[in-house]
Every structure is written in C-alpha cells, then in structure tokens.
Chemist: 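Okay, handing you the structure first.
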Amino acid sequence: MADLKDRMKTGIDNAADAAKNATDKAAGAAQGAKQEGQNVVDRVRDNAQGLIDRAGDVAGQAREKLQEWAGDARETVRHAGGKAEQWAEDAYSTASDSVGDFGREVTNLVRKHPLPALLIGFGVGLLIGRTARAL
C-alpha cells in the first residue's frame with residue numbers, strides 16, 4: 001500500500017509539475033502577446049504621430065501658398081485700381097477739354113451771329129417755359 005501511496009504521490013507531483021509548466025508556458029505566451037500588443041500600439045502611435053506631423057506640414061504649406069496668392073491678388077487689385085484711376089483721369093481730361101472747346105465754339109458763334117443767337121435763345125426759352133407750365 002505504501003507503494004501505491006508513493007505512486008499516487010508521484011502521479012500527483014507529475015500532474016502538478018505539468019500543470020505548473022503549462023501555466024508558466026501560458027504566462028510566457030501571455031507576456032509575449034502583451035509585448036507584441038504593446039509593440040503594435042507603439043507602432044500605431046508612431047504612425048499616428050507621423051500623420052499628425054505630416055498634416056501640420058501640409059497645413060503650413062497651404063497657409064504659405066494662400067498668403068502668396070493673397071499677396072498676388074492684392075498686387076493685381078492695386079494694379080487694376082491704378083489703371084482705372086488713369087482711365088478716369090483721361091476721361092475727365094478729355095471731357096473737360098471737349099466742354100471747354102464747346103463753350104469757346106458757342107461764344108465764337110454768338111459773337112459772329114448775335115441776332116440769330118438771340119432769337120434762338122428766345123425760342124428755346126419759350127419752349128422750356130411752356131414745358132414747365134404743362135408739367
């Protein structure tokens with residue numbers, strides 16, 4: 001019976017050792033999986049940081065390009081404004097010269113032909129008076 005008892009004890013000890021070895025292997029595998037998971041998390045974090053950095057770079061480049069375009073647009077508008085101002089000055093100068101020339105022509109015409117100019121002025125005055133009274 002002692003022999004049976006020793007064999008039972010040996011069997012139990014072997015089973016315990018096998019269970020301990022299996023537990024150690026499972027713990028090692030879990031630790032390896034945990035380490036691998038941490039490695040994956042670290043790689044994902046590094047990739048995400050890289051993407052964030054790249055997005056910041058792209059945003060900076062976009063901002064610089066927009067500032068460049070805004071400067072170009074500002075310069076174009078300034079140039080167009082200068083051109084419009086020059087055209088307005090030219091039109092004013094031409095109109096004032098034309099009005100001045102017209103005034104001199106009318107004055108010369110009245111000096112050359114005073115009686116017809118007086119009769120035309122009287123007729124135009126009558127027409128304006130009748131029109132004003134009708135309104």
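What you see is a predicted model; the values in this text were computed from it and never measured. Side-chain atoms are counted along with the backbone in the values below, which use heavy atoms only and exclude waters and symmetry mates.
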Chemist: Apart from Leu66 itself, what residues make up its hydrophobic cluster, given side-chain heavy atom links below 4.5 Å?
Modeler: Trp69
Chemist: Which side chain to side chain donor-acceptor pair (under 3.5 Å) pairs, counting each pair once, include a residue from residues 94-109, with sequence neighbours left out?
Modeler: Asp101-Arg104
Chemist: Can you list every side chain to side chain donor-acceptor pair (under 3.5 Å) pair that touches residues 49-65, not counting sequence neighbours?
Modeler: Gln49-Asp53
Chemist: Not counting sequence neighbours, list each pair that qualifies as a side chain to side chain donor-acceptor pair (under 3.5 Å) and has a residue in residues 77-90.
Modeler: Glu75-Arg78, Gln86-Asp90
Chemist: I need the full list of side chain to side chain donor-acceptor pair (under 3.5 Å) pairs touching residues 111-135, with sequence neighbours left out, sorted by first then second residue.
Modeler: none
Chemist: Given a cutoff of under 4.5 Å between side-chain heavy atoms of I, L, V, M, F, W and Y, with clusters grown through shared members, what are the other residues clustered with Leu126?
Modeler: Phe122
Chemist: List, by chain and number, the other hydrophobic cluster members for Ile128, where Ile, Leu, Val, Met, Phe, Trp and Tyr join if side-chain heavy atoms come within less than 4.5 Å, directly or indirectly.
Modeler: Ile120, Val124
Chemist: List in chain and number order the residues that pass side chain to side chain donor-acceptor pair (under 3.5 Å) with Arg45, two or more places apart in sequence or in another chain; answer none if no residue qualifies.
Modeler: Asp42
Chemist: Please go through Phe102's hydrophobic cluster and name the other residues, only I, L, V, M, F, W, Y counting, with side-chain heavy atoms under 4.5 Å joining them.
Modeler: Val106, Val110
